[in-house]
There are 2 protein chains.
Amino acid sequence: MRRSRKRNHLVRKASKLFEARGFHATGIDMVLSEAGIAKMTLYNHFASKDDLIAAALRHKSLKVLNWLEDELTARTSDPKGRVLALFDAYQDWFEQDDFSGCMFQKAAGEFPAKDHPAHKEAANHKRRLYERLTHLTEGAGATDPAQLAEQLLLLLEGATAIATSTGATIAGRRAKRAAEILLAV
Amino acid sequence: MRRSRKRNHLVRKASKLFEARGFHATGIDMVLSEAGIAKMTLYNHFASKDDLIAAALRHKSLKVLNWLEDELTARTSDPKGRVLALFDAYQDWFEQDDFSGCMFQKAAGEFPAKDHPAHKEAANHKRRLYERLTHLTEGAGATDPAQLAEQLLLLLEGATAIATSTGATIAGRRAKRAAEILLAV
DNA sequence: CCCGAGATAAACAGACCTGTCTAATTCTAG
DNA sequence: CTAGAATTAGACAGGTCTGTTTATCTCGGG
């Protein structure tokens with residue numbers, strides 16, 4: 001087996017549980033029983049719970065970026081439209097029944113130490129997202145793609161945070177309206 | 001003693017520790033030893049740790065709103081200037097040595113259940129903040145104060161989230177630039 | 001078919017957690 | 001000053017947590 005199926009299965013289940021219930025609140029035993037995997041198998045593949053958490057975050061980061069890619073291509077091929085489609089995709093995410101916030105915001109919150117692996121993975125993900133946004137704003141012909149990408153990132157993160165704490169899923173649409181203004185400048 | 005001094009001291013210390021280290025990661029014993037207070041005194045005033053957490057969040061909410069009020073009045077009396085001064089105040093917050101993110105974003109993340117007291121307090125705080133922002137945008141003569149307030153909230157929350165995860169304190173200035181554009185519309 | 005790597009179950013260690021109990025002590029209001 | 005309320009230290013219960021150990025089992029590639 002090139003990369004253990006068990007390992008992959010474990011990471012996927014762990015990612016789901018950590019996202020839904022938080023990192024500290026989710027015990028290893030719960031992940032194991034949910035995945036139907038023995039404890040020793042976990043510690044054969046990972047040095048510690050933190051190591052598993054980092055792997056779960058890396059897995060989720062790829063998944064999120066791929067999801068975003070698919071959403072954008074499915075919605076429109078117009079460069080400016082793709083920028084705005086970002087917010088429609090997020091809006092759909094907020095409205096999912098099992099929406100429980102951004103796993104990376106949670107990771108940064110639960111692991112405040114900047115040198116903690118989970119905190120680093122959160123920072124890495126946001127950087128990747130920012131790079132992807134910059135690519136989008138360049139494609140849309142923005143006068144200052146980097147600045148616009150930063151502003152879009154602020155809106156997306158803000159909408160996510162507000163949707164998480166207040167449950168106001170409408171935040172996505174509000175953010176989209178702001179983005180339209182910023183995009184028109 | 002109308003409201004116990006001990007109780008207040010406990011809530012203040014608890015608030016600091018929960019903010020800096022997270023809720024699950026901060027044990028009761030640590031709060032007690034830091035506050036120099038006996039365990040039975042805690043359980044005399046609070047029914048449970050969750051109850052203490054809720055009190056700490058209420059305390060922090062008042063503190064934050066007062067802090068914001070003071071910052072704004074100290075910076076300018078110009079109505080539009082006050083809206084932008086919001087971002088300067090946040091920027092200063094991000095640059096504090098002990099900055100570790102928004103306690104309410106953390107609370108919403110660590111307690112995903114919407115009916116959990118801590119989650120409710122997070123939602124309450126964001127609502128209060130939104131109301132305060134609406135008051136500001138009304139004062140600034142915005143054409144649609146509610147919409148502008150929502151957009152400002154998104155930018156502030158987004159900047160906070162980004163500053164937390166990536167450590168990029170510059171997010172405050174980036175948000176301010178976006179706010180200037182939205183304010184000019 | 002068979003061997004070895006990977007997976008398994010279950011007990012275990014040791015730490016930490018919230019919350020309770022007791023009994024002595026300190027504070028405060030009248 | 002005194003009586004009652006508040007606070008204290010410390011042990012304790014009972015649970016959960018991460019991570020280890022051991023001994024057994026499963027299964028796929030040669």
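Computed from heavy atoms alone, side chains included, the values below leave out hydrogens, waters and symmetry copies. Within every chain, numbering begins at 1; the chains are lettered A, B, ... in the order of the sequence lines, protein sequences first and strands thereafter. Just so we're clear, the structure is a prediction, and the values are computed from it rather than from any experiment.
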Can you find a side chain N or O atom of [X] that sits less than 4.0 Å from OP1 or OP2 on [N]?
X     : N      : value
A/K39 : C/dA7  : no
A/S4  : C/dA7  : yes
B/T26 : C/dC17 : no
B/K6  : D/dT7  : no

Practice problem: Taking the side chain as every heavy atom from C-beta outward, state whether B/Q147 and A/R174 have any pair of such atoms under 4.5 Å apart. | Solution: no
Quiz item: Contact class for A/H45 (heavy atom, under 4.0 Å): base, sugar-phosphate, or nothing?
Solution: sugar-phosphate
Practice problem: Describe the nucleic acid contact of A/L42 in one word from base, sugar-phosphate, nothing, applying a heavy-atom distance below 4.0 Å. | Solution: nothing
Quiz prompt | Check ion pair B/R82-B/E69 (N to O, under 4.0 angstrom) | solution = yes
Practice problem: May I ask you to decide whether B/R177 forms a salt bridge with A/D144, counting only side-chain N to carboxylate O separations under 4.0 Å? | Solution: no
Rounded distance in Å - [atom1] ([X]) to [atom2] ([N]):
X     : N      : atom1 : atom2 : value
B/D29 : D/dA11 : CG    : C1'   : 13 Å
B/H9  : D/dT7  : NE2   : P     : 12 Å
A/L32 : D/dT20 : CG    : P     : 14 Å
B/M40 : D/dA11 : CE    : P     : 16 Å
A/K49 : D/dT16 : NZ    : C1'   : 11 Å
A/N44 : C/dA9  : CG    : C1'   : 16 Å
B/R5  : D/dT8  : CZ    : C1'   : 18 Å
B/D50 : C/dG19 : CG    : C1'   : 13 Å

Practice problem: Answer with yes or no whether the hydrophobic clustering places B/M103 together with B/L129; edges join I, L, V, M, F, W, Y residues whose side-chain heavy atoms lie under 4.5 Å apart. | Solution: no
Practice problem: Can you figure out which of C/dG19, D/dA9, D/dT20 approaches the side chain of B/A38 most closely? | Solution: D/dA9
Quiz prompt | Distance (rounded to the nearest 0.5 Å) between B/K126 NZ and B/C102 SG | solution = 3.0 Å
